[in-house]
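Below is one structure, written out as structure tokens, with a few remarks after it.
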Amino acid sequence: QVQLVESGGGLVQAGGSLRLSCAASEGTVSSWTMGWFRQAPGKEREFVAGIMWILRETYYSESVKGRFTISKDNAKNTLYLEMNSLKPEDTAVYYCAASRRDGIFVQSYEYEYWGQGTQVTVSS
């Protein structure tokens, strides 16, 4: 069973930065496609960023491109999301997700495993 545990969320002022971490079961980060999603109150869960397994190619939603960076440390089995120039509209619960397949996946149903989420609140 794959386990994903997010951390690093919190309250930050607009323009600030946060780094989210996702600690994964051994071997997951190095061998699976990983992604970050978020869900704001009253809204559907939306794709934020992903990183492919083999090529380690990264891809982002248009709303965060240029501000957020996804990365991973295979040795630490940890996925990261560096968030800069945060805006109030970035406020949401952020989730880490994992898919056994290698590819560019932006739909939540394409990921098999999910963490419990970490709250990010950006004040104006």
Side-chain angles (χ1 to χ4, degrees):
Q1 182 76 6
V2 172
Q3 291 188 332
L4 304 172
V5 180
E6 302 94 337
S7 62
L11 174 64
V12 63
Q13 288 189 334
S17 300
L18 280 176
R19 188 176 80 158
L20 305 183
S21 299
C22 173
S25 303
E26 186 173 352
T28 302
V29 170
S30 61
S31 303
W32 295 39
T33 292
M34 304 294 294
W36 287 98
F37 284 72
R38 67 187 182 187
Q39 187 166 18
K43 295 187 177 182
E44 294 188 354
R45 191 169 298 188
E46 65 171 353
F47 170 78
V48 174
I51 183 166
M52 296 174 66
W53 162 26
I54 297 176
L55 296 179
R56 304 184 72 157
E57 182 174 340
T58 59
Y59 46 102
Y60 302 88
S61 69
E62 287 300 318
S63 62
V64 308
K65 193 175 293 184
R67 300 188 298 122
F68 290 11
T69 302
I70 187 172
S71 64
K72 62 178 183 173
D73 186 328
N74 290 343
K76 294 183 178 179
N77 297 306
T78 302
L79 178 74
Y80 302 99
L81 184 68
E82 186 75 37
M83 305 186 295
N84 298 314
S85 302
L86 282 161
K87 305 174 181 180
E89 50 264 44
D90 294 319
T91 295
V93 177
Y94 282 71
Y95 297 90
C96 168
S99 172
R100 294 178 182 272
R101 301 172 298 140
D102 189 39
I104 298 176
F105 306 134
V106 300
Q107 301 294 331
S108 57
Y109 66 79
E110 296 178 293
Y111 292 82
E112 293 93 68
Y113 294 97
W114 293 83
Q116 293 301 307
T118 184
Q119 176 71 46
V120 171
T121 303
V122 184
S123 63
S124 56

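Side-chain atoms are counted along with the backbone in the values below, which use heavy atoms only and exclude waters and symmetry mates.
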Could you check whether any side-chain N or O of [X] sits under 3.5 Å from a backbone N or O of [Y], counting only pairs where one atom can act as donor and the other as acceptor?
X      : Y      : answer
Thr91  : Val122 : yes
Glu82  : Thr69  : no
Tyr111 : Phe105 : yes
Glu6   : Gln116 : yes
Ser21  : Ser7   : no
Ser99  : Glu110 : yes

Sole residue of Trp36, Tyr59, Tyr95, Phe68 in ring-ring contact (aromatic ring centres under 6.0 Å, His included) with Phe47: Tyr59
Find out if a path of hydrophobic residues (ILVMFWY) with successive side-chain heavy-atom gaps under 4.5 Å connects [X] to [Y].
X     : Y      : answer
Tyr94 : Val12  : yes
Trp53 : Ile70  : no
Val29 : Trp114 : no

Nearest 0.5 Å, what's the [atom1]-[atom2] distance between [X] and [Y]?
X      : Y     : atom1 : atom2 : answer
Asn77  : Ser25 : CG    : OG    : 8.0 Å
Met34  : Leu4  : CE    : CG    : 5.0 Å
Ser108 : Gln39 : OG    : CD    : 9.0 Å
Met52  : Lys72 : CE    : NZ    : 10.0 Å
Gln3   : Glu26 : CD    : CD    : 12.5 Å
Leu79  : Cys22 : CG    : SG    : 5.5 Å

As a test of understanding, state which of Leu20, Asp90, Val48 forms a side-chain contact (heavy atoms from CB on, under 4.5 Å) with Met83. Leu20
